[in-house]
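What you are looking at is a predicted structure, and each value in this text was computed from that prediction instead of being measured. All ligand and atom numbering here is 1-based and tracks the order in the structure.
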Amino acid sequence: MARVLRLPDHGRLLVCTDLQGCLRDFERIVQLFEQALLDFQGDAHLLFTGDLIHGPHIDPEDWPDFLGEYYRDASGDLMMAYAGLTAKYSGRVHALLGNHEHGHIGGPHTAKFAADEVALLEQILGPSATARMRSIIQTFALAAVTRCGIVFTHGAPAAQIDSIAELEAADLSGAHYASPLEVLDTPIVGKILWARSATEAEARRFLRAMNGNVAIYGHDVIPEGFETIGDTQMVVSTSFGVFDTNKVYISLDLGAKYRTVGDLRIGHEILPLYPDKAPARLGGRSRAS
Ligand SMILES: [Mn+2]
């Protein structure tokens with residue numbers, strides 16, 4: 001797989017963060033993408049920033065509020081639907097690796113909703129669907145770069161790199177670690193897949209290496225839908241852990257130039273996933289870096 005996805009300098013880009021097995025939100029973003037294809041004469045792209053899989057298996061009466069809108073994990077169906085979408089819209093549908101996907105191809109096994117979510121999902125799927133899922137995950141990149149100034153990763157932009165080449169050379173197999181857990185401490189892969197925050201200095205170094213101005217990522221839950229950090233970072237919650245009213249996705253003009261997070265505007269680049277349920281004015285939150 002290409003570790004770094006390079007998006008073109010024209011067309012529309014829709015971006016969806018952590019779905020964690022929520023098929024309903026997947027279908028909604030696909031609907032929005034297909035509308036964008038119509039609106040932009042076929043020149044649209046859809047990017048998932050990782051953690052498409054591993055959601056809760058919890059009955060409604062036991063569902064805690066902090067998990068946001070109720071849903072039941074459909075990771076297997078979602079991955080197959082993703083593969084179908086990439087086949088239908090060749091070269092226009094992309095995904096980044098999340099820490100949850102990484103567990104299936106050599107990374108540490110996650111334990112959010114089960115003692116071993118990797119083992120659980122592979123047991124549910126069986127050997128042949130597991131092999132199919134792994135081959136899909138192998139196509140996922142570690143980061144996406146654009147010509148419009150935005151860089152996408154799964155986790156916070158804390159990876160210690162000075163060039164794109166360092167990212168392209170990253171090893172995801174875990175083969176040379178004594179334990180997959182060691183990946184958590186590595187300065188590139190560990191940070192990209194697991195970091196929940198980056199200092200201003202870390203973000204600027206990463207963005208300089210990636211030739212970008214603003215980092216957009218998920219991995220963490222922002223109950224308000226999104227958070228801006230300083231001038232260079234935005235965390236987006238499209239699905240997992242958020243109520244429908246606050247879920248947001250990103251829509252960018254790949255031919256534009258975004259210089260700071262201030263160039264990403266509510267109602268233009270930051271849009272509600274379910275406009276009929278969203279408040280008249282989206283909230284979001286911001287903090288200094
Ligand atoms: Mn994650």
*Hey, which N, O or S atom on D51 ends up closest to the Mn ion (ligand 1)?*
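Closest N, O or S atom of D51 to the Mn ion (ligand 1): OD2.
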
*asked:* Under 2.8 Å from the Mn ion (ligand 1) - does any N, O or S atom of D220 fall there?
replied: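 Here the distance criterion (N, O or S atom, under 2.8 Å) is not met by D220, so no.
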
*Taking 2.8 Å as the cut-off, does an N/O/S atom of H100 lie below it from the Mn ion (ligand 1)?*
no

*Could you tell me whether the side chains of H54 and H104 share a donor-acceptor contact shorter than 3.5 Å?*
yes

*asked:* For T110 and E117, which I'm curious about, is there any donor-acceptor pair between the side chains at under 3.5 Å?
replied: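 There is such a pair (donor and acceptor under 3.5 Å, judged by atom type) between the side chains of T110 and E117.
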
_Within rounding of 10°, what is the angle whose vertex is the Mn ion (ligand 1) and whose arms end at ND1 of H219 and OD1 of N99?_
100°

_Test side chain to side chain donor-acceptor pair (under 3.5 Å) applied to D25 and S239, step by step_ = CA-CA 6 Å; D25 289 351; S239 176; 2.7 Å; yes

*Got a sec: does the CZ of R72 have more than 12 other heavy atoms crowding it under 6.0 Å?*
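More than 12 within 6.0 Å, yes.
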
